2 protein chains.
Amino acid sequence: MQIGELSRRSGLSVDTLRYYEKVGLIEPPARDGGGRRDYDPDILRWIDFLGRLKATGMGIGERVRYAELRREGAGSLTERREILEAHRQAIAERIEALQQSLDLMDDKIDLYGRMERGEPVDPAFADCAGQERALT
Amino acid sequence: MQIGELSRRSGLSVDTLRYYEKVGLIEPPARDGGGRRDYDPDILRWIDFLGRLKATGMGIGERVRYAELRREGAGSLTERREILEAHRQAIAERIEALQQSLDLMDDKIDLYGRMERGEPVDPAFADCAGQERALT
DNA sequence: GTAGCGGCTGGAGCGCACTCCAGGTCAAGA
DNA sequence: TCTTGACCTGGAGTGCGCTCCAGCCGCTAC
């Protein structure tokens, strides 16, 4: 598979794929006769997983570290598991924090709705100029 | 309150506070006789709320837009509510995606644990070199 | 044979969100 | 009076994660 096709199938740009190779997130692939990158389709699974790690807030440095361990093979299983466990914990905390903020947004949206309809609101929670003081 | 104290109480650096003022996230405060910024303690509530918006993924451009509307006062309530509703939706989607990834991490952590203990794993889910293929 | 396309490399540039710095002012305490 | 420390401004620098570019090569189709 050439880089253009991998780009289409992975959703990453050609430039990003080459960048990922440069920084060590993906292995340098085989080259065809003309010196072009020729990827094994299995790389798609790895790229997807990298996308998950990224989407869940893992920075590029730690992703590179994980990729290095993966290259080392089965001997790095324990260390990889530990990284994933720490990351799992970080995700859980993020979800918790987001849930709290979601509730806050709901309260604030509700307050705004009541202010828009001219309903009385606890003056401790909003001043007349719309410079809301609470629920922040 | 001087900028140093606000920095300590808000958790933002002095530089960040001046930067936030420059880009329009916080209002230019009054100045004391010596030309130093003299903040109203109420600003802490606003800074906290800005922190929430940021922590939930709102970029600086949109935060600045929200801050502008807030300065306009009560007339911008509807537009602010609409922004918050859209943002609320984005947070809910983020939580959903994170929850899925969390489940994936759990599966993968479990798989690694079984591989470490030498337990048999479905060969479709892991190859011998530790180059796991599935759960990605 | 030549035009077009996709790919190659090395390196520069970019947007975000700060962070740091030089060179200065000002107020309060020893 | 002198020193210390907090604060001031404008502007440069940083790290992340790409993104773009110039200039080149090689395959395929016309």
Side-chain angles (χ1 to χ4, degrees), chain A residues 1-41 43-44 46-68 87 90 94 97 101, chain B residues 1-41 43 46-68 87 90 94 101:
Chain A
M1 187 174 19
Q2 292 197 158
I3 200 167
E5 190 187 344
L6 181 59
S7 170
R8 278 186 295 281
R9 291 175 55 177
S10 67
L12 297 179
S13 75
V14 167
D15 276 319
T16 299
L17 287 169
R18 285 194 285 243
Y19 166 72
Y20 276 13
E21 181 182 327
K22 188 167 70 180
V23 299
L25 281 179
I26 60 187
E27 290 254 21
R31 299 290 179 127
D32 69 12
R36 298 189 184 114
R37 290 172 179 80
D38 182 16
Y39 293 95
D40 184 321
I43 191 122
L44 279 164
W46 172 236
I47 289 174
D48 280 357
F49 185 62
L50 282 176
R52 285 290 188 151
L53 292 180
K54 181 187 158 156
T56 49
M58 187 183 284
I60 206 162
E62 210 174 349
R63 264 146 55 221
V64 168
R65 173 77 188 125
Y66 189 89
E68 279 166 5
H87 188 58
R94 250 183 102 41
S101 294
Chain B
M1 184 173 23
Q2 292 197 158
I3 200 167
E5 190 186 344
L6 181 59
S7 169
R8 278 186 297 282
R9 290 175 56 178
S10 67
L12 297 179
S13 75
V14 167
D15 276 318
T16 298
L17 287 169
R18 286 195 283 244
Y19 166 73
Y20 275 14
E21 182 183 326
K22 188 167 69 178
V23 298
L25 280 178
I26 61 187
E27 290 255 19
R31 299 290 180 128
D32 69 12
R36 296 191 185 111
R37 291 172 180 80
D38 182 17
Y39 294 94
D40 183 322
I43 191 117
W46 172 237
I47 289 173
D48 280 358
F49 185 62
L50 281 176
R52 284 292 188 147
L53 292 180
K54 181 187 155 148
T56 49
M58 188 184 284
I60 206 163
E62 210 174 350
R63 265 147 54 223
V64 168
R65 173 79 189 124
Y66 189 88
E68 278 167 5
H87 188 57
R94 254 184 98 42
S101 294

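In the text below, chain A, chain B and the rest are named by the order of the sequence lines, each starting its count at 1. Computed from a prediction, not measured in an experiment: that's the story for all the values here.
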Does the side chain of [X] reach to within under 4.5 Å of the side chain of [Y], using non-hydrogen atoms?
{"X": "S7(A)", "Y": "V14(A)", "result": "yes"}
{"X": "L50(B)", "Y": "I26(B)", "result": "yes"}
{"X": "H87(A)", "Y": "T56(A)", "result": "yes"}

Taking any heavy-atom pair under 4.0 Å as a contact, classify [X]: base, sugar-phosphate, or nothing.
{"X": "K54(A)", "value": "sugar-phosphate"}
{"X": "R18(B)", "value": "base"}
{"X": "G33(A)", "value": "nothing"}

Self-check item: Residue whose nearest DNA chain C nucleotide is more 5′ - G34(B) or R63(B)
Solution: R63(B)

In residues 17-25 of chain B, what donor-acceptor pairs under 3.5 Å come from side-chain atoms, sequence neighbours left out?
| residue | atom | partner | partner atom | Å |
| --- | --- | --- | --- | --- |
| Y20(B) | OH | R63(B) | NH2 | 3.4 |
| E21(B) | OE1 | R37(B) | NE | 2.7 |

Mind calculating the distance between [atom1] ([X]) and [atom2] ([N]) to the nearest angstrom?
{"X": "D15(A)", "N": "dC16(D)", "atom1": "CG", "atom2": "P", "result": "20 Å"}
{"X": "L12(A)", "N": "dT19(D)", "atom1": "CG", "atom2": "C1'", "result": "13 Å"}
{"X": "E62(B)", "N": "dG15(C)", "atom1": "CD", "atom2": "C1'", "result": "16 Å"}
{"X": "E21(B)", "N": "dA17(C)", "atom1": "CD", "atom2": "P", "result": "18 Å"}
{"X": "R37(B)", "N": "dC26(C)", "atom1": "CZ", "atom2": "P", "result": "15 Å"}
{"X": "M1(B)", "N": "dC7(D)", "atom1": "CE", "atom2": "P", "result": "12 Å"}
{"X": "D38(B)", "N": "dA6(D)", "atom1": "CG", "atom2": "P", "result": "18 Å"}
{"X": "L50(A)", "N": "dC16(D)", "atom1": "CG", "atom2": "P", "result": "17 Å"}

Exercise. Please tell me which of Q2(B) and I60(A) maps to the more 5' nucleotide of DNA chain D, matching each residue to the nucleotide holding its nearest heavy atom.
Key: Q2(B)

Practice problem: For salt bridge (charged side-chain N to carboxylate O under 4.0 Å, His left out), just list the numbers for R8(B) and E5(B), CA-CA rounded to whole Å, side-chain angles, deciding distance to a tenth of an Å, and then say yes or no. | Solution: CA-CA 5 Å; R8(B) 278 186 297 282; E5(B) 190 186 344; 5.4 Å; no

Do any side-chain nitrogens or oxygens of [X] fall under 4.0 Å of OP1 or OP2 in [N]?
{"X": "R36(A)", "N": "dG26(D)", "answer": "no"}
{"X": "T16(A)", "N": "dG17(D)", "answer": "no"}
{"X": "R31(B)", "N": "dC26(C)", "answer": "no"}
{"X": "S13(A)", "N": "dC18(D)", "answer": "no"}
{"X": "Y20(A)", "N": "dG17(D)", "answer": "no"}

